[in-house]
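Before any comments, here is the structure.
Throughout, protein chains are lettered first and strands after them, A, B, ... in sequence-line order, and every chain is numbered starting at 1. Atoms considered below: every heavy atom in the structure, side chains included; atoms not considered: hydrogens, waters and symmetry mates.
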Amino acid sequence: MKIFEELQARGLIAQVTDNDEIRELINNGGAKFYIGFDPTADSLHVGHFMALCLMKRLQMAGNRPIVLIGGGTGHVGDPSGRSDLRTMMTAEKIQHNCNCFKKQMEKFIEFGDDKAVMLNNADWLLKLNYVELLREVGACFTVNNMLRAECYKQRMEKGLSFLEFNYMIMQAYDFYHLHEHHGCNMQFGGDDQWSNMLAGTELIRKKTGDDAYAMTITLLLNSEGKKMGKTASGAVWLDPEKTSPFEFYQYWRNVDDADVMKCIKMLTFIPMDKIEEIENWEDSRINEKKELLAYELTELVHGKEEADKAKEAAHALFSGGGDSANMPTTTLTADDLVDGVIGAVGLLVKSGLCSSNGEAKRLVQQGGVSINDEVVDMAKRYSAEDLANGLKIRKGKKHFHKVVL
RNA sequence: GGGUAGAUGGCCGAGUGGCUAAAGGCGACAGACUGUAAAUCUGUUCCCGCGAGGGUACGGUGGUUCGAAUCCACCUCUGCCCA
């Protein structure tokens, strides 16, 4: 199976500018393609991860990737897929985020002369001259057309600043610049990027007469149509400091039944014939599928060692036993005790499982907390000796934490 | 530049001088049921306090009042209409 067919089989391809040309190009390793990443946070998330995987797949098929960090576009802010105004970031924050991205990406993609290249659009966007740009690029677009783009439509009601409106132009210019200076002939991106990417191919055609191609990857949506990789407390990050490997593993272990196969296809590198086999597993093996998904992804992002640890910890916690070796742990000091003892509420707050005493109190009163496999009440107290051996706190069904003195 | 409507808890949204820590919905969390799933049912959902109670909070700053999310002034931001 060639790469294009594989991407298709995995359900990754959303839209393409020219099906046949693109198949020809990437199946023969003739694409020099770029994917842009705007430094909107100090860590990559699952959406970025998909793009990086795509990059890797294409690279393995002989195509040449360019990672474009949006040090310049980050100053503008992409309105696509947003219903409200994007807050502006300071230059320092952007720079900081760029550095964080860079570090994380180097773990996934091999960079080097004949491998992948990393560029930063700050290098050309920040020194553009406004009038010059207007004449050179602005003349190639009509506002009428731009306003018809899907990404702006939903913003027409809530308001769209001129700053954000220009994002499309910036991205189009990037593509044009990469085409001229780096021989880039193709752009990939999330499906919400489609209009921006088309603007790029159009600009290239108008300026140079060359054909350039664009392809979007399917956004990873769950069965309810919401973007995956988000939790109540925010995104699922790739940075282990922001989302621990265990939490990461658990996120995928807990995906909806309906979404498991989709995730396996779109996110893992398990070969297609194996995937077909998995797909035919009986319904009773649904949990095996989830474990497989969680393990594969954790291994890809955090490495085999962390993946093993996360899997072991999960098994220990959910399938009986009580191996607390790999649980997140908080070490308390004697100062945390009051009169030599500490209650369940104190432990919950100190360990970070609860953000306030009130929240912890509610949980305890609702019977949602157990310590060392015993449901606790408000009156329960623990002494320094109890703590010395380590206490295993369980909050609700799925949150575990160990506390030692 | 002129006119006009608005800014309420994580989000949506009611409230329009005391009964309002603020209806309702969504989300989230916990319990029951399960398969670490979904659906369903029950409870919880600003902070401190065991509790009585206290402290903050309705865009910002001042003011009127015994008392303000609610009235007044100014400011900031946003939508819409006219130029």
Item to complete: Quick one: closest heavy-atom pair of A:Leu353 and A:His399, and the distance?
Response: CD2-CB, 4.1 Å
Item to complete: With heavy atoms under 4.0 Å as the rule, sort A:Asn287 into base, sugar-phosphate or nothing.
Response: base
Worksheet item: Can A:Glu150 and A:Lys153 be counted as an ion pair, charged N to O under 4.0 angstrom?
Response: yes
Item to complete: Report the distance from atom CD of A:Glu288 to atom C1' of B:rG35, rounded to the nearest whole Å.
Response: 13 Å
Item to complete: Round to the nearest Å and state the distance from A:Lys311 atom NZ to B:rU36 atom P.
Response: 16 Å
Worksheet entry | Candidate nucleotides B:rC29, B:rU36, B:rA37, ranked by approach to the side chain of A:Leu363 - the nearest | B:rC29
Item to complete: Taking the side chain as every heavy atom from C-beta outward, state whether A:Met156 and A:Leu147 have any pair of such atoms under 4.5 Å apart.
Response: yes
Discussion item. I'd like to know if A:Asn357 reaches the base of B:rG49 with its side chain such that a donor and an acceptor end up less than 3.5 angstrom apart.
Written reply: no
Worksheet item: Phosphate oxygens OP1/OP2 of B:rG51: is one of them under 4.0 Å from a side-chain N or O of A:Lys361?
Response: yes
Discussion item. Determine whether a donor-acceptor pair (one donor, one acceptor, N or O, separation below 3.5 Å) exists between the side chain of A:Gln250 and the base of B:rU36.
Written reply: yes
Worksheet entry | A:Asn254 side chain, from C-beta outward: closest of B:rU36, B:rA38, B:rC50 | B:rU36
Discussion item. Measure CZ/A:Phe248 against C1'/B:rU36 and give the value in whole Å, please.
Written reply: 17 Å
Discussion item. Taking pairing as Watson-Crick or G-U wobble with both contacts under 3.5 Å, can you name the mate of B:rA30, or confirm there isn't one?
Written reply: B:rU42
Item to complete: Report the distance from atom CG of A:Leu348 to atom C1' of B:rC47, rounded to the nearest whole Å.
Response: 17 Å
Discussion item. Checking contacts here: which listed nucleotide (B:rU36, B:rC47, B:rG35) is nearest the side-chain heavy atoms of A:Ser356?
Written reply: B:rC47
Practice prompt. Using a 4.5 Å cut-off on heavy atoms from C-beta on, say whether the side chain of A:Leu238 contacts that of A:Phe108.
Written response: yes
Practice prompt. Kindly say if A:Lys398 contacts the phosphate of B:rG35, meaning a side-chain N or O under 4.0 Å from OP1 or OP2.
Written response: no
Worksheet item: Between B:rU8 and B:rU56, how far is it from one P atom to the other, in whole Å?
Response: 22 Å
Item to complete: Would you kindly give the CZ-to-P distance between A:Arg253 and B:rU36, to the nearest whole Å?
Response: 7 Å
Fill in: Flag for A:Ser356-A:Glu359: side-chain donor and acceptor within less than 3.5 Å
no
Practice prompt. Please report, rounded to the nearest Å, how far the C1' atom of B:rU34 is from the CZ atom of A:Phe318.
Written response: 14 Å
Practice prompt. In whole angstrom, give me the gap between the C1' atoms of B:rA5 and B:rG9.
Written response: 23 Å
Discussion item. Between the base of B:rG43 and the side chain of A:Gln366, is there a donor and acceptor pair under 3.5 angstrom?
Written reply: yes
Item to complete: Could you work out the separation of B:rU76 and B:rU61 based on their C1' atoms and round it to a whole Å?
Response: 10 Å
Worksheet item: With both distances under 3.5 angstrom, what nucleotide forms a Watson-Crick or G-U wobble pair with B:rG79?
Response: B:rU4
Worksheet item: What is the distance from NZ of A:Lys395 to P of B:rG31, rounded to the nearest Å?
Response: 11 Å
Worksheet item: Contact class for A:Arg362 vs. all strands (heavy atom < 4.0 Å): base, sugar-phosphate, or nothing?
Response: sugar-phosphate
Worksheet item: Can you tell me how far C1' in B:rG15 sits from the matching atom in B:rA68, rounded to whole Å?
Response: 13 Å
Worksheet item: Between B:rU78 atom P and A:Leu160 atom CG, what is the distance in whole Å?
Response: 12 Å
Practice prompt. Can you figure out which of B:rU36, B:rA30, B:rG35 approaches the side chain of A:Ala314 most closely?
Written response: B:rU36
Worksheet entry | Earlier contact from the 5' end, RNA chain B, for A:Asp257 and A:Gly396 | A:Gly396
Discussion item. Does atom NZ (A:Lys103) have a neighbourhood of more than 12 heavy atoms from anything else shown, all under 6.0 Å?
Written reply: no
Worksheet entry | First encountered from the 5' end of RNA chain B, between A:Glu359 and A:Gln365 | A:Glu359
Discussion item. Are the side chains of A:Lys207 and A:His179 in contact, using a 4.5 Å heavy-atom criterion?
Written reply: no
